[in-house]
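Side chains are part of it too, since the values below use all heavy atoms of this structure and drop only hydrogens, waters and symmetry mates. Counting starts at 1 for both ligands and their atoms, in listed order. Count residues from 1 along the sequence.
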Amino acid sequence: MNLLLTGGMGYIGSHTAVALTLAGHRVVLYDNLSNSAQVMAERLERITGVSPLFVSGDVRDTDRLCHTLRHHAIETVIHFAGLKVVGESLEIPLDYYANNVQGSISLLQAMHVAGTRALVFSSSANVYGEPRYLPVDECHPTGVTNPYGRTKLHVEEILHDLARSDPAWRIVCLRYFNPVGAHESGLIGEHPQGLPNNLMPYIARVATGELAELQVFGNDYPTPDGTGVRDFIHVMDLAEGHACAVAYLNAHPGWQVINLGTGQGYSVLEMIRAFEVASGRPVPYRIAPRRPGDSASCYANPEKAHRLLNWTARRTLAQMCATTWAFQSGMGTEGPA
Ligand code: NAD
Ligand code: WQD
């Protein structure tokens, strides 16, 4: 199948490109490189043996998208492109609405004109807000608390309206929990610019010695060891979930929202210990105040993904840490991607 991956040069998009290429699909990566680098294409070729088709462009450029969809006879789009940092979205909300909401509308307009009606959308567990019960299933009420989460929920609602307006549309919104890890080759992975906002890339840079210590945001939560608990999911499991979603879309018109998580929560301290074992390096940390907006515990009920997509996450926490370390420790020779 011919697939367009907007944001396909980024962290989750690149790993999904690997999974889809190895499954025999032809992928076109459409990206403005605002948070990724051209070298990614070469890395993908080294992993898959196939040179990926890359189109440099912004999702707000409807004409360029339309031309790309037609030129490559795209049958399904996976829409990763967007901005994703919760804290930053509070500082520059307009950029978030422009990239995430306006960008999605532009993509949908291009798809409408080009006659492409199948879409997988990268949503986030962020739309649930503070969990009211655990594990969080798709019936859990939404409760966004920041502009980033609101952009995701707005786009989900737009997609739902679109599916209601025209039965030809096939749409799956995937709500990711906490993606971590890297491809087992260590060639691609997550490389945030500047100081990492998320736990796993921060731990990885403490382990290399680039950062002195990790701040553990709160140890007085109502969790077994007092630190925050999250549903960390290996990015290659997540990538394979997209391949399953594409197969599902082939057979099912309409609109679905589906969690992609493992169903298993790990605490911040458990993550630190697992990373120390995987890397053989110490991860010094100190307890700091809670980070505003954080919840104590959040993990998925992944049953719907299993039922509809026949997908279950299967990689372990040890694999999440080992592959992150392989990528992080190899960057001195390979450079970031
Ligand atoms: P990423 O920043 O690594 O990848 C996003 C890619 O989109 C980048 O390559 C960037 O250059 C590109 N991009 C951004 N704005 C664009 C635009 N206007 N036009 C074209 N390209 C553009 O992020 P990621 O972690 O791979 O996330 C992918 C998607 O998954 C995002 O939509 C994000 O909100 C969502 N998501 C991510 C996480 C996570 O923790 N990583 C969790 C839940 C949901
Ligand atoms: C995990 C745990 C922190 C950093 C975010 C977004 C979510 C999704 C995934 C996009 C928490 C603790 C963290 C640190 C720490 N992204 N922590 N020290 O907040 O669960 O989710 O990324 O959609 O929308 O909100 O992930 O990795 O930031 O935090 O103690 O330096 O690690 O308090 O308990 P989060 P995270």
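- Of the heavy atoms in Ala125, none comes closer than 4.0 Å to ligand 1.
- Between atom 36 (N) of ligand 1 and the options Tyr30, Tyr11, Phe121, Tyr176, the minimum heavy-atom separation is to Tyr176.
- His15 and His183 have tilted rings, their planes meeting at an angle from 30° to 60° on a 0 to 90° scale.
- The protein non-hydrogen atom at the shortest distance from atom 19 (N) of ligand 1 is Val59 N, 3.0 Å.
- Salt bridge Asp58/Arg64: absent, no basic N to carboxylate O contact under 4.0 Å.
- Contact annotation for Lys152 and ligand 1: only side-chain heavy atoms (C-beta onward) come within less than 4.0 Å of the ligand.
- Note: no N/O pair closer than 3.5 Å links Ser124 and ligand 1 by distance alone.
- Here the heavy atom of the protein found nearest to atom 3 (C) of ligand 2 is Asp294 OD2, 3.4 Å.
- Annotation: atom 20 (O) of ligand 2 to nearest protein heavy atom, Arg230 NE, 2.6 Å.
- Protein heavy atom closest to atom 18 (N) of ligand 2, with residue, atom name and distance, is Gln215 O, 2.7 Å.
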Can Gln109 and Ser106 be said to form a side chain to side chain donor-acceptor pair (under 3.5 Å), step by step? CA-CA 5 Å; Gln109 287 170 329; Ser106 163; 5.3 Å; no

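- When only interatomic distances are considered, the shortest N/O to N/O separation between Ala81 and ligand 1 does not fall below 3.5 Å.
- Ligand 1 has no nitrogen or oxygen under 3.5 angstrom from a nitrogen or oxygen of Met9.
- In terms of hydrophobic clustering, with Ile, Leu, Val, Met, Phe, Trp and Tyr side chains grouped at heavy-atom distances under 4.5 Å, Leu108 and Leu4 are assigned to a common cluster.
- Residue-ligand proximity, Ser123 to ligand 1, at heavy-atom distances under 4.0 Å covers atoms 43 (C), 44 (C).
- Geometrically, ligand 1 and Phe177 share no nitrogen or oxygen pair separated by less than 3.5 Å.
- Nearest protein neighbour of atom 29 (C) of ligand 1, counting heavy atoms only, is Phe80 O, 3.2 Å.
- Within ligand 2, the atoms closer than 4.0 Å to a non-hydrogen atom of Asn126 are 7 (C), 24 (O), 25 (O), numbered from 1 in the order shown.
- Heavy-atom contacts of Asn197 reach the following atoms of ligand 2: 4 (C), 28 (O) (cutoff under 4.0 Å).
- At a heavy-atom distance under 4.0 Å, atoms from both the backbone and the side chain of Leu199 approach ligand 2.
- In terms of protein heavy atoms, atom 35 (P) of ligand 2 is closest to Asn178 ND2, 3.5 Å.
- Using bins of under 30°, 30° to 60° and over 60° for the plane-to-plane angle, the ring pair Phe275/Trp325 lands in the perpendicular bin.
- Taking OG from Ser89 and CG from Asn100, the interatomic distance works out to 9.0 Å, rounded to the nearest 0.5 Å.
- Of all atoms in ligand 2, listed by their number and element, those nearer than 4.0 Å to a heavy atom of Val216 are 30 (O).
- Of the candidates Tyr266, Tyr202, Tyr285, Phe217, the one placing a heavy atom closest to atom 14 (C) of ligand 2 is Phe217.
- Compare Gly7, Pro179, Ser34 by their heavy atoms: the one nearest to atom 14 (C) of ligand 1 is in Ser34.
- Under a 4.0 Å criterion applied to the non-hydrogen atoms of Ser124, ligand 2 contributes the atoms 10 (C), 23 (O), 24 (O).
- In this structure, atom 12 (C) of ligand 2 lies nearest to the protein heavy atom Val268 CG2, 3.7 Å.
- Given atom 19 (O) of ligand 2, the protein heavy atom at minimum distance is Arg291 NH2, 2.9 Å.
- Electrostatic pairing of Glu184 and Arg315 does not count as a salt bridge here, judged by no charged N lying under 4.0 Å from a carboxylate O.
- Heavy atoms of Gly8 come nearer than 4.0 angstrom to ligand 1 in no pair at all.
- Distances between N or O atoms of His79 and those of ligand 1 include no value under 3.5 Å.
- Aromatic ring orientation, Tyr248 versus His252: parallel (interplanar angle below 30°, classes split at 30° and 60°).
- Atom 36 (P) of ligand 2 has Asn198 ND2, 3.5 Å as its closest protein atom, hydrogens excluded (heavy atom only).
- Tyr148 and Glu88 are not linked by any side-chain donor-acceptor pair at a separation below 3.5 angstrom, with hydrogens and angles left out of the test.
- The shortest separation from a heavy atom of Gly57 to ligand 1 is under 4.0 Å, placing the residue in contact.
- Residue contacts with ligand 1: Asp31 is placed with a nitrogen or oxygen under 3.5 Å of a nitrogen or oxygen of the ligand (distance criterion only).
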Is there a ring-ring contact (aromatic ring centres under 6.0 Å, His included) between Tyr30 and His72? Walk through the geometry before answering. CA-CA 12 Å; Tyr30 184 99; His72 294 285; over 10 Å; no

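- Of all the atoms in ligand 2, the ones that sit under 4.0 Å from a non-hydrogen atom of Val86 are 6 (C), 25 (O).
- The residue from Thr262, Val136, Leu238, Leu260 that alone fulfils the side chain to side chain contact (heavy atoms under 4.5 Å, CB included) condition with Phe177 is Val136.
- When each atom of ligand 1 is checked for a heavy atom of Asp58 under 4.0 Å away, the hits are 17 (C), 18 (N), 19 (N), 20 (C).
- Those atoms of ligand 2 with a heavy atom of Tyr148 less than 4.0 angstrom away are 10 (C), 23 (O), 24 (O).
- How far CG of Asn219 is from CZ of Arg290: 9.5 Å, rounded to the nearest 0.5 Å.
- Of all atoms in ligand 2, numbered sequentially from 1 with element shown, those under 4.0 Å from a heavy atom of Gly228 are 34 (O).
- Salt bridge annotation for Glu138-Arg307: absent, with no cationic side-chain nitrogen under 4.0 angstrom from a carboxylate oxygen.
- For ligand 1, the polar-atom distance check finds an N/O of Ser36 within less than 3.5 Å of one of the ligand's N/O atoms.
- When heavy-atom distances to ligand 1 are checked against a 4.0 Å cut-off, Leu33 comes that close only through its backbone atoms N, CA, C and O.
- Between His154 and Tyr97, the angle of the ring planes lies from 30° to 60°, which puts this pair in the tilted group.
- Relative ring orientation between Trp255 and His160 is described as parallel, the plane-to-plane angle staying below 30° on a 0-90° scale split at 30° and 60°.
- Rounded to the nearest 0.5 Å, atoms CG (Asn250) and OG1 (Thr76) are 6.0 Å apart.
- Counting heavy atoms only, Asn35 comes closest to atom 2 (O) of ligand 1 of the residues Asn35, Val127, Leu5.
- Checking Asn259, Thr142, Asp137 one by one against Tyr128, the side chain to side chain donor-acceptor pair (under 3.5 Å) holds for a single residue, Asn259.
- Proximity to Ser122 (heavy-atom distance under 4.0 Å) selects the following atoms of ligand 1: 29 (C), 30 (O), 32 (O), 35 (C).
- Interface atoms of ligand 1 facing Tyr148, defined by a heavy-atom separation under 4.0 Å, are 33 (C), 34 (O), 35 (C), 36 (N), 44 (C).
- Proximity of Asn99 to ligand 1, defined as any heavy-atom pair under 4.0 Å, is confined to the side chain (atoms from C-beta onward).
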